[in-house]
Amino acid sequence: MSNPVTAWIKSNMETYKGREDWMVERISENSINSQKFSDERHGPFKAHDSYRAEGRTKVNFRANAAISSYAGKEAGDAGSFKAVRYYQNGFANRRDEILTDIAKNG
């Protein structure tokens, strides 16, 4: 007499052939879809540089504070050039501190 849980697991397990068939099907679908994309992009009905047009109604940029204590400050806008400059200046100051410490203590 076998364990019913083991029998249930074995009955629901996929076989090696099933996995291979699924992979072949997935690869063939992806190759067809990639060719469709290539045909649509290079077709005569596409306007020049159509891929550069923003298709969404709202552009995906919402400046938000990564850390709430930085909200309203230079470092507050996550992903902005101001925040990058803020952190780069901080890193440069820390680097200078380390270099002066090395110069003093050897």
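Computed over heavy atoms, backbone and side chain alike; hydrogens, waters and symmetry mates excluded.
Rounding to the nearest 0.5 Å places CD of Glu14 at 10.5 Å from CG of Asp21. Of the inter-residue distances, the one linking Arg95 atom CZ with Asn93 atom CG reads 8.5 Å to the nearest 0.5 angstrom. Rounding to the nearest 0.5 Å gives a distance of 10.0 Å between CD of Glu25 and CG of Asn30. For the atom pair CG of Asp96 and CG of Asp101, the computed distance is 12.5 Å after rounding to the nearest 0.5 Å.
Asn89 places a side-chain N or O within donor-acceptor distance of the main-chain N or O of Arg85, the cut-off being under 3.5 Å.
Here the options are Lys17, Arg19, Met13, the test is side chain to side chain contact (heavy atoms under 4.5 Å, CB included), and the partner is Thr15; only Lys17 passes.
Following chains of ILVMFWY side-chain contacts shorter than 4.5 Å, one cannot reach Val84 starting from Phe91, and the two form parts of different hydrophobic clusters. Cluster annotation: Trp22 is connected to Ile27 through the hydrophobic network of ILVMFWY side chains, with a link wherever side-chain heavy atoms come within less than 4.5 Å.
Two residues are said to be in side-chain contact when any heavy atoms from C-beta on lie closer than 4.5 Å; Met23 and Arg26 meet this criterion. Contact of the Glu20 side chain with the Tyr16 side chain is registered, since non-hydrogen atoms from C-beta on lie closer than 4.5 Å.
No more than 12 heavy atoms of other residues, nucleotides or ligands shown are found within 6.0 angstrom of CZ on Arg94.
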